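Here the structure is a predicted model, which means the values were calculated and not measured.
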Amino acid sequence: MRTYKIAAIAVVALALAGCSSGHKTTVATSAGTVTTDTSSDSKTTTITTQNGSLKMGQNAVDPASLGLPVYPGATTADGGGWSMQSKEGGGQVVTLTTTDSFDAVEAWYKSKMPADSEAMNMKSGDTASAIFKVGKDSDSDQSTIMIDGEKDQTTI
């Protein structure tokens, strides 16, 4: 039930954020106060409640801050990423793209990630996917790199 309340607050906040480029808006709801703050370039929005915060957009996450190798020359995808923090923990996701081949990107990560961290690698026709995972499912701190390749682009 708590997840639905947080989702509802996020929807209201996103609606407000879409209407307020470069502005900060605060709304009182039955679940508490919701503040949205959209950057002046409209590329990043931060939503803050008493339970935590969510930052999303083009500049929401610095890939270098993740503590994982960043493929040389990869750029932040249009959607950017998100960063969430609450009392229970947090997480960050960023999407990068490169025109380099899947094979080149996968080989580079294989050389940079811990041995045996490649949890999946599959190819079918013009598409390919690989997953590198650090940490066990039972660990509170885990890191995952997902690589998807198509003809002209590789997404990390």
Side-chain angles (χ1 to χ4, degrees), residues 3-4 6-23 25 34 36-49 52-86 88-156:
T3 303
Y4 294 117
I6 293 170
I9 290 170
V11 168
V12 169
L14 283 173
L16 291 171
C19 300
S20 59
S21 164
H23 294 92
T25 305
V34 178
T36 63
D37 192 357
T38 303
S39 63
S40 59
D41 62 4
S42 298
K43 291 186 176 183
T44 306
T45 298
T46 303
I47 301 168
T48 306
T49 72
S53 64
L54 171 67
K55 186 175 185 179
M56 61 197 139
Q58 188 67 29
N59 302 315
V61 177
D62 175 7
S65 73
L66 297 175
L68 294 166
V70 177
Y71 187 77
T75 57
T76 304
D78 286 340
W82 60 263
S83 175
M84 188 271 305
Q85 189 64 47
S86 73
E88 290 81 27
Q92 297 182 83
V93 172
V94 66
T95 303
L96 306 173
T97 60
T98 179
T99 56
D100 291 355
S101 71
F102 169 84
D103 290 334
V105 174
E106 187 270 341
W108 187 87
Y109 274 101
K110 194 168 199 162
S111 75
K112 301 294 180 187
M113 296 296 288
D116 300 325
S117 64
E118 190 169 23
M120 183 196 78
N121 186 328
M122 62 183 218
K123 295 180 182 179
S124 177
D126 289 337
T127 62
S129 294
I131 295 176
F132 291 85
K133 186 175 177 184
V134 178
K136 299 176 186 170
D137 288 340
S138 59
D139 292 346
S140 62
D141 191 16
Q142 300 175 31
S143 298
T144 303
I145 295 176
M146 298 169 51
I147 305 167
D148 291 310
E150 294 184 25
K151 271 186 189 176
D152 302 327
Q153 179 173 291
T154 302
T155 303
I156 307 162

Hey, mind stepping through T154 and D100 against side-chain contact (heavy atoms from CB on, under 4.5 Å) and telling me if it holds?
CA-CA 7 Å; T154 302; D100 291 355; 5.6 Å; no
Please say whether more than 12 non-hydrogen atoms of neighbouring residues, nucleotides or ligands are located less than 6.0 Å from CG in D152.
no
Heavy-atom pair of closest approach, residues T44 and A60:
OG1-N, 3.9 Å
Kindly compute the distance separating CD1 (I47) from NZ (K55), expressed to the nearest 0.5 Å.
12.5 Å
Other residues, nucleotides and ligands only: do more than 12 of their heavy atoms fall within 6.0 Å of CE on M146?
no
If every non-hydrogen atom of P114 is compared with every non-hydrogen atom of S117, which pair is closest and at what distance?
O-OG, 2.7 Å
Whether Q142 side chain and K133 backbone form a donor-acceptor pair below 3.5 Å:
no
Using a 4.5 Å cut-off on heavy atoms from C-beta on, say whether the side chain of S83 contacts that of Q85.
no
Decide side-chain contact (heavy atoms from CB on, under 4.5 Å) for E118 and M113; before the verdict, give the C-alpha distance in whole Å, the side-chain angles of both, and the deciding distance to 0.1 Å.
CA-CA 8 Å; E118 190 169 23; M113 296 296 288; over 6 Å; no
To the nearest 0.5 Å, how far apart are OG1 in T76 and CG in D62?
8.0 Å
Closest approach of A77 and T97, non-hydrogen atoms and distance?
CB-CG2, 3.9 Å
Result for side-chain contact (heavy atoms from CB on, under 4.5 Å) between I156 and one of V70, T95, L68, L96 points to L96
Return the minimal non-hydrogen interatomic distance between E106 and I147, and the atom names on each side.
CA-CD1, 4.1 Å
Under the side-chain contact (heavy atoms from CB on, under 4.5 Å) rule, what do D126 and F102 come out as? Steps first, then yes or no, please.
CA-CA 10 Å; D126 289 337; F102 169 84; over 6 Å; no
For a side-chain contact (heavy atoms from CB on, under 4.5 Å) check, start with the C-alpha distance between T144 and I131, then their side-chain angles and the critical distance, and finish with the verdict.
CA-CA 7 Å; T144 303; I131 295 176; 3.7 Å; yes
Return the orientation label for the F132 and Y109 ring planes: parallel under 30°, perpendicular over 60°, tilted otherwise.
tilted
Residue pair T48 / S53: nearest heavy atoms and the distance that separates them:
OG1-CB, 4.0 Å
Starting at NZ of K136, measure out to CG of D141 and round the result to the nearest 0.5 Å.
14.0 Å
Does atom CD of E150 have more than 12 heavy-atom neighbours, drawn from other residues, nucleotides or ligands, at distances under 6.0 Å?
no
Taking NZ, NE, NH1 and NH2 as the nitrogens, is one of them in D103 or K123 under 4.0 Å from a carboxylate oxygen of the other?
yes
